[in-house]
Amino acid sequence: MANFAKPSAPRFSVEVYQNEFLPEGGRDVHAIVTVTSTGGATATRAAVPAQGGAAVVIMVDCSGSMEYPPDKMRGAREATAAAIDTLRDGTAFAVVAGTHVAKEVYPGQGRLATAGPETRAQAKEALRGLSAGGGTAIGTWLRLADGLFRQSPAAIRHGILLTDGRNEHEDPAVLRATLDACAGRFTCDARGVGTDWEVKEVTGIASALLGTADIVADPAHLAEDFTRMMGNAMGKEVADVALRLWTPVGVEIQYVKQVAPAVRDLTDRRTPAGPRAGDYPTGSWGDESREYHVCVRVPGAAVGQEMLAARATLMLPGEPGEPPSVLAQGLVRAVWTTDLAASTAINAQVAHYTGQAELAQAIQQGLEARKLGDVDGATAKLGRAVQLASASGNADTAKLLAKVVDVVDAAAGTVRLKAKVADADEMTLETRSTQTVRVKKT
């Protein structure tokens, strides 16, 4: 483990957990790379702006369905006002109303306002004009937000997006292209209010833009959720951090996944970074820790040989004309042995997060089978999910599963599908299926 951060900035560290021993002929090397950022303003609770400043755009669904029931629109106004109150002084911000088109609510004219007592009051007054009517074309909202962010030199660029319905007035390909264009330019948390929206759309937006996704089934809880989201955004201090993986000749990267605090596959998001190196985006950081599962395939080697299988380096982009900075670094090794006990042992962190990734997949596959009427398939997958949640101590997910299935034996994964399941319970389970728990402390 190495740490290269400057004393005045949050300190980053990288720790690698793995069993480096392979049997003769063994080729796949698994490692959990734990990245931790400590000592920044978030840790001290000081109201210190991120280096380069921060910009936030709040996108509020104002389509016609937001008026049914009326508490959705009212809750959206109150939540947006609460988020504005949470803005740190000096933060650039704007509010966008989203329907089948996107309109600037505040400050308007393609600008961002600077948070302070006067602009907060003006923005909250402007929210009174929000009303429901029109369709839903989320890509237009994101494109307007992207244009607003381009007006700001802020290092931290973060969106908050609220919707209550499906993206019915826009071709899915347009939304996908918009997400591809916005990826790397800003991060975005996405929320679905009520139960008439599409889980895969909302989670897809958050995944593409390295944010969080969740359901707020009751509009009365929107203000609390928006306050928490904005507080987290205000805690970000370092933007655009990349996990760079360098591999020797002959080594192939099989996959790279964030596995905590949520599962997110980054494999296809690699960008070249020089000979045999590639960068994987991790987004913005405050005082926090995340974990990544790296799997590489090494060439076969004789017993007794060892090699560097990969080097994991945290990189921070430099100012224009300057090279990037190295924040921290860790090494993944491979050693071939005839010791059967050594080569067959599974590292505890690797085993745990492999199980958490399987848990997320089992939930998603089980719910899909349930929607298709495949009772046996749904029972098998959701039973496996219950078993994995129980074994790993993922109590939150276990509680959500218990609202969809009757648990007969958690350890064995024996369950029965419930005859009736509330839409909110099923959507909550699906939306939160990728949230993981960390390895139990022993």
Side-chain angles (χ1 to χ4, degrees), residues 1-5 12-36 241-260 263-280 282 289-315 324 326-358 361 388 391-392 436 438-442:
M1 177 181 71
N3 186 327
F4 299 92
F12 282 84
S13 63
V14 167
E15 294 179 280
V16 176
Y17 299 93
Q18 66 164 131
N19 176 12
E20 65 266 34
F21 293 105
L22 295 174
E24 186 173 9
R27 297 188 60 195
D28 285 354
V29 180
H30 293 264
I32 298 298
V33 178
T34 298
V35 178
T36 304
V241 176
L243 177 64
R244 178 170 295 178
L245 289 183
W246 175 89
T247 52
V249 173
V251 174
E252 302 173 357
I253 295 177
Q254 299 302 293
Y255 57 78
V256 179
K257 299 177 182 177
Q258 178 186 291
V259 288
V263 177
R264 177 178 290 142
D265 196 338
L266 301 176
T267 309
D268 294 336
R269 304 188 66 171
R270 174 187 175 102
T271 56
R276 301 192 302 280
D279 286 352
Y280 299 84
T282 69
S289 180
R290 304 179 203 167
E291 308 202 56
Y292 300 86
H293 187 168
V294 174
C295 177
V296 298
R297 181 161 293 166
V298 297
V303 169
Q305 286 191 286
E306 60 180 270
M307 69 175 293
L308 175 63
R311 182 170 61 236
T313 307
L314 278 186
M315 304 298 297
V326 175
L327 297 174
Q329 192 174 91
L331 305 178
V332 180
R333 301 173 64 243
V335 180
W336 283 265
T337 180
T338 55
D339 185 333
L340 187 62
S343 64
T344 56
I346 301 176
N347 176 270
Q349 278 86 353
V350 171
H352 175 81
Y353 289 115
T354 299
Q356 292 293 285
E358 184 188 350
Q361 185 178 53
L388 289 165
S392 65
T436 59
R438 299 198 182 271
V439 176
K440 295 178 183 177
K441 300 296 183 181
T442 57

Using residues 338-352 as the side-chain source, report each donor-acceptor pair under 3.5 Å to any protein atom, sequence neighbours left out, with the distance given to one decimal.
from	atom 1	to	atom 2	distance (Å)
Asp339	OD1	Ala341	N	3.0
Asp339	OD1	Ala342	N	3.1
Ser343	OG	Asp339	O	3.3
Ser343	OG	Leu340	O	3.3
Thr344	OG1	Leu340	O	2.6
Asn347	OD1	Gln349	N	2.9
Asn347	OD1	Val350	N	3.2
His352	NE2	Val437	O	2.6

message = If we check side-chain hydrogen bond (donor to acceptor under 3.5 Å, both in side chains) with Ser392, which of these qualifies: Glu358, Gln356, Arg438?
response = Gln356
task = Verify side-chain contact (heavy atoms from CB on, under 4.5 Å) between Val296 and Glu252, making sure each step is shown before the conclusion.
result = CA-CA 6 Å; Val296 298; Glu252 302 173 357; over 6 Å; no
inquiry  = Could you go through Val14 and Gln329, starting from their C-alpha distance and side-chain angles, then the distance that decides it, and tell me whether this counts as side-chain contact (heavy atoms from CB on, under 4.5 Å)?
reply    = CA-CA 6 Å; Val14 167; Gln329 192 174 91; 5.9 Å; no
request  = For Gln18 and Arg333, indicate whether the former's side chain and the latter's backbone hold a donor-acceptor pair under 3.5 Å.
outcome  = yes
note = Closest heavy-atom pair, Val16 versus Ala31, reported as atoms and distance to 0.1 Å, is CG1-CB, 4.0 Å
query = Less than 4.5 Å apart, any side-chain heavy atom of Val294 and any of Leu245?
reply = yes
ask   = Can you check whether Val35 reaches Leu314 side chain to side chain, under 4.5 Å on heavy atoms?
value = yes
message = Quick check: closest heavy atoms across Glu291 and Tyr353, and the distance to 0.1 Å?
response = OE2-OH, 2.6 Å
inquiry  = For the residue pair Tyr280 / Arg270, report whether a side-chain donor-acceptor contact shorter than 3.5 Å exists.
reply    = yes
query = Is there a donor-acceptor contact under 3.5 Å from the side chain of Trp336 to the main chain of Gly26?
reply = yes
request  = For Met307 and Pro248, work out which heavy atoms get closest and say how close.
outcome  = CE-CG, 4.0 Å
key: Flag side-chain contact, heavy atom, 4.5 Å: Val29 against Glu20   = no
ask   = Taking the side chain as C-beta and beyond, is there a heavy-atom pair between Thr436 and Val263 under 4.5 Å?
value = yes
task = Give the minimum heavy-atom separation between Ala242 and Thr282, together with the two atoms involved.
result = N-OG1, 4.2 Å
message = Pair Lys257, Asp265 - check salt bridge (charged side-chain N to carboxylate O under 4.0 Å, His left out), show working.
response = CA-CA 4 Å; Lys257 299 177 182 177; Asp265 196 338; 5.0 Å; no
query = Closest approach of Ala310 and Thr247, non-hydrogen atoms and distance?
reply = CB-CG2, 4.0 Å
request  = Begin from the C-alpha positions of Trp246 and Leu308 and carry the test side-chain contact (heavy atoms from CB on, under 4.5 Å) through to its verdict.
outcome  = CA-CA 10 Å; Trp246 175 89; Leu308 175 63; 3.7 Å; yes
task = Calculate, to the nearest 0.5 Å, the distance between atoms CZ and CZ belonging to Arg311 and Arg244 respectively.
result = 10.0 Å
Side-chain heavy-atom pair Val251, Arg297 within 4.5 angstrom cut-off = no
ask   = Thr34 versus Ser289: any side-chain heavy-atom pair under 4.5 Å?
value = yes
query = Is the number of heavy atoms from other residues, nucleotides or ligands under 6.0 Å of Gln254 CD greater than 12?
reply = yes
query = What residue among Thr271, Leu243, Val241 forms side-chain contact (heavy atoms from CB on, under 4.5 Å) with Asp279?
reply = Thr271
request  = Check whether any side-chain heavy atom of Tyr292 lies under 4.5 Å from a side-chain heavy atom of Ile32, and answer yes or no.
outcome  = no
task = Before giving the answer on side-chain contact (heavy atoms from CB on, under 4.5 Å), spell out for Leu327 and Met315 the whole-Å C-alpha distance, their side-chain angles and the decisive distance to 0.1 Å.
result = CA-CA 6 Å; Leu327 297 174; Met315 304 298 297; over 6 Å; no
inquiry  = Taking the side chain as everything from C-beta on, heavy atoms only, tell me whether Leu22 gets closer than 4.5 Å to Val335.
reply    = no
